[in-house]
Amino acid sequence: MVTNELAGTLDGIPGYQIKAVAPDGSLRPAPERDEYFPVFYSRETLPSRVYGLDLQDGGIRQKPLDRARDSNRLSASENILLQSAVGDRKGFFAVLPVYRRDLPHETVEDRRRNLEGFVQGVFQFSVMVDTILADTKTPLDIFLFDADAHANDAPIHVHASNVRHRPLGLQSQATLARVPHWAGELSAGDKRWRLVATPPTGASTLGGRSGRGWIVLVAGLLVTGLAVTYMWTSIRDMRRIEAATKQVTLLAGTDALTGLANRRAFVDRLTSAFAESRRGAPSFAVLYLDIDDFKDVNDTLGHPTGDILLQAVVERLVKTVRQSDLVARFGGDEFAILQFGVAEHPTAATLASKINKALALPYKVGGNELRVTASIGISLFSKGTNGPEAMMMQADLALYRAKDDGRNCFRFHTGELDQQVQLRVTLGEELLSAIDRDELELHYQPQVEIKTGRIVGLEALVRWRHPVRGMIMPSIFVPIAERSGAIVAMGRWVLDTACRQLDEWHGQNIAPPLVAVNVSAVQLKRTATFEHDVAEIFARWHVEPGAVELELTESVLMEVSQMHDDTLENLQRLGASIAIDDFGTGYSSLKYLTMHPVGRLKIAQELMLRVTSDERSATVVRATIRLAHELGIEVIAEGVETAAQARFLVEAGCGYAQGYYYGRPVNTAQTTELLR
Ligand code: C2E
Ligand code: MG
Ligand code: MG
């Protein structure tokens, strides 16, 4: 097997070291090579010198390996000195190639590319001949020749019928031909030997010419039979090792739960698909698949049920794809499909849509009827694709897009996605140092009392003055900061800056009653540091209770409720007031408002946009305002751009508003002017 020294040591072979046979026959540490084929499993018990012996030596040991690899057949070596536990003996070895699972080995090129390793059988001539003769009580001298040897060449091995008598002088095939003998051929793989048996010289007592001839005939038949049996059992042994080896490679490439290929096997196959496509094979696609909300199944019904469901999903997947396609499980509820023969978008889209439909049908699991859907991201191979890794990343991005677009759908990877990712990566990296380089700034937008136009508060909105790209808006970099975690440091900076500013305005006697600061869910989830940060900042800038409002979105509120967490109560105790941002865009459930100390509710811009044109939106807003008031919660409308919207709000009983109609977000200096 192709392996390395570390793996050997880990596998419990102490001091495992890759070795090579030196020209003088001794073992030395193997020279540097790209690839080794060291002995990793042997029937010789440990410790034995054979472990770690590199099968390839670039010389006499190399040839049968190359032949076996190229022909996918058993190949035998020349006569060599074998390394064994009992010392070095003359013999040969035979090898069978093992190719990587699921990868083609039809052509010589495929075989070279997809070779995994070899199974080697080692044969000592003495043991071989002894075994053949073990059961024959017939006195015979046996000579073993290389089948291709010259008639005058000496035998490779000689077995004398009895030790006291040595068959001297009868050394070559030419001399043996002159006495009564039996000759037969032995073969192992592609290597052949000639076995010659003669009655011992001087055994004439057995009878005359005819008697000797008879012995030779009987012995010959016997030897032939035994030799054949011997070779067969040896080869069967090798086949058994080969089967075991295949099993090992198979397991290494298989997902235990589903029996599907695993990530490693998938990458292997994808890699060879790239190579095949260079030689003109039809194109292919990678489909990434993820079960939507699979976690819920596990959480509510338990992992055993989840496993059964996954197996049912696999069954449908396998039925939906073509035999030649590869389905793999990457772990959890993540699957990948390698689809072949994909000339254009529709082929992959058809498969994806079939899968979406097949998986959405109800499942019967332990008396329950379950329904799940899946999201799929697709990446098509093209000449410009950078390689297997890049292609898998593209499919992954497309999967993200499918999830973003509402799940239970499929999306293709596009160049635009690539650019977005590129930008995301670059900005993410730059954002980390943006704070230190003082590139962030806060703008403030006034919140007014509609009737009087008096400023009752300011919302702090972060901006990034990028040295190259200019002013970047939070809708672009906040999501990036949330993904990278930079939001924690950024949020701390925003809160600190807003509080410091408030303190400064207090010093100038122009402070607004309230400054609102946006808080991301990611900040809140790291509860310990967040509450700690808030307390520290409030203390540093002498923030009075109720002077700073933290804006959270509905989904944050919902998550906090599910966590049975008292974070919001703790924040309130620190003196912060809580507002719900963008109310009406999410779950719009007043239930959560009753569970937490929410002081204000901000009606989303999206809802406000429609109140003057769409009666239903108007009704929703009116009802929200009334219910909030009954719960003792203030209401402020966001995104107010027109006088008509302002009139609507007054009629609906909403006292406060924020929007371009009253004032756009402006920088600190302009805000200070405004406050004066
Ligand atoms: P948001 O909290 O809902 O903030 C209101 C957004 O609407 C601001 O966009 C504001 O400029 C814009 N806006 C205000 N009045 C109007 C109007 O009349 N018409 C229209 N079309 N838009 C109006 P901005 O500053 O681009 O911020 C976008 C979002 O980024 C914010 O939405 C908030 O969710 C997030 N954000 C801003 N600053 C921060 C921050 O410091 N931390 C966190 N975590 N998020 C922030
Ligand atoms: Mg806000
Ligand atoms: Mg908002």
Side-chain angles (χ1 to χ4, degrees), residues 431 434-435 439-448 450 455 457-465 471-501 514-526 530 533-534 537 548-557 576-586 588 598-612 621 624 635-646 648-649 656-668 670-671:
L431 195 56
I435 302 172
E439 290 170 9
L440 296 183
E441 54 187 72
L442 286 187
H443 284 201
Y444 299 89
Q445 185 177 32
Q447 301 179 330
V448 303
I450 299 177
I455 296 179
L458 295 172
E459 178 174 5
L461 295 160
V462 69
R463 269 97 184 92
W464 179 7
R465 197 175 289 282
M471 187 77 96
I472 308 180
M473 299 304 273
S475 49
I476 306 227
F477 67 85
V478 166
I480 296 172
E482 284 177 332
R483 271 200 199 179
S484 73
I487 192 75
V488 175
M490 197 192 95
R492 197 185 299 131
W493 180 89
V494 168
L495 186 65
D496 188 72
T497 308
C499 293
R500 195 197 62 209
Q501 190 58 57
L514 175 143
V515 170
V517 174
N518 293 284
V519 174
S520 144
V522 182
Q523 283 172 270
L524 260 194
K525 276 181 195 151
R526 312 205 179 173
F530 184 67
D533 292 348
V534 171
I537 293 168
V548 168
E549 183 179 69
L550 302 177
E551 293 193 7
L552 314 171
T553 58
E554 280 176 78
S555 52
V556 175
L557 197 63
S577 48
I578 309 288
I580 299 309
D581 204 355
D582 303 335
F583 189 86
T585 54
S588 309
V598 174
R600 238 177 10 160
L601 188 151
K602 300 188 77 175
I603 296 177
Q605 195 172 306
E606 285 94 320
L607 265 182
M608 284 311 296
L609 212 63
R610 297 195 297 261
V611 287
T612 49
V621 172
T624 304
V635 180
I636 178 167
E638 284 191 86
V640 178
E641 294 184 350
T642 64
Q645 286 170 328
F648 166 87
L649 288 171
Y656 305 95
Q658 175 183 346
Y660 294 170
Y661 182 64
Y662 300 100
R664 292 185 175 251
V666 289
N667 66 27
T668 315
Q670 290 167 301
T671 308

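Position 1 is the first residue of the sequence; numbering continues from there. Counting starts at 1 for both ligands and their atoms, in listed order.
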Straight-line distance of Arg664 CZ to Leu461 CG, nearest 0.5 Å: 12.5 Å
In a simple table, one pair per line, please give the protein and ligand 1 atom names for every N or O pair closer than 3.5 Å, along with the distance.
residue, atom, partner, partner atom, Å
ligand 1, 2 (O), Glu459, OE2, 3.0
ligand 1, 2 (O), Asn518, OD1, 2.9
ligand 1, 2 (O), Asp581, OD2, 2.8
ligand 1, 3 (O), Asp582, OD1, 3.1
ligand 1, 3 (O), Glu638, OE1, 3.1
ligand 1, 7 (O), Gln605, OE1, 3.2
ligand 1, 15 (N), Gln445, NE2, 2.9
ligand 1, 18 (O), Tyr660, N, 2.8
ligand 1, 19 (N), Glu641, OE2, 2.5
ligand 1, 21 (N), Gln605, NE2, 3.0
ligand 1, 21 (N), Glu641, OE2, 3.1
ligand 1, 22 (N), Gln605, OE1, 3.3
ligand 1, 22 (N), Gln605, NE2, 3.3
ligand 1, 22 (N), Tyr660, OH, 3.4
ligand 1, 25 (O), Arg463, NH1, 2.9
ligand 1, 25 (O), Arg463, NH2, 2.9
ligand 1, 38 (N), Val462, N, 3.2
ligand 1, 42 (N), Asn518, O, 3.4

The Mg ion (ligand 3) - number of protein N/O/S atoms closer than 2.8 Å: 4
Minimum side-chain heavy-atom gap Asn518-Val494 below 4.5 Å: no
Gap between atom OG1 of Thr668 and atom CD of Glu441 - 0.5 Å precision: 7.0 Å
Donor on one side chain, acceptor on other, His443 and Gln445, under 3.5 Å: no
Value rounded to 0.5 Å, distance of CD in Gln658 from CG in Leu458: 9.0 Å
Rounded distance (nearest 0.5 Å) linking atom CG of Asn667 with atom CZ of Arg465: 8.0 Å
Rounded distance [0.5 Å steps], CG in Asp582 versus CD in Gln605: 8.0 Å
Check: Glu554 side chain, Ile580 main-chain N or O, donor-acceptor pair, under 3.5 Å: no
Euclidean distance, Gln447 CD relative to Glu549 CD, rounded to 0.5 Å: 6.5 Å
Atom nearest to the Mg ion (ligand 2) - Glu459, N, O or S atoms considered: OE2
Check: Tyr656 and Val635 side chains under 4.5 Å, non-hydrogen atoms: no
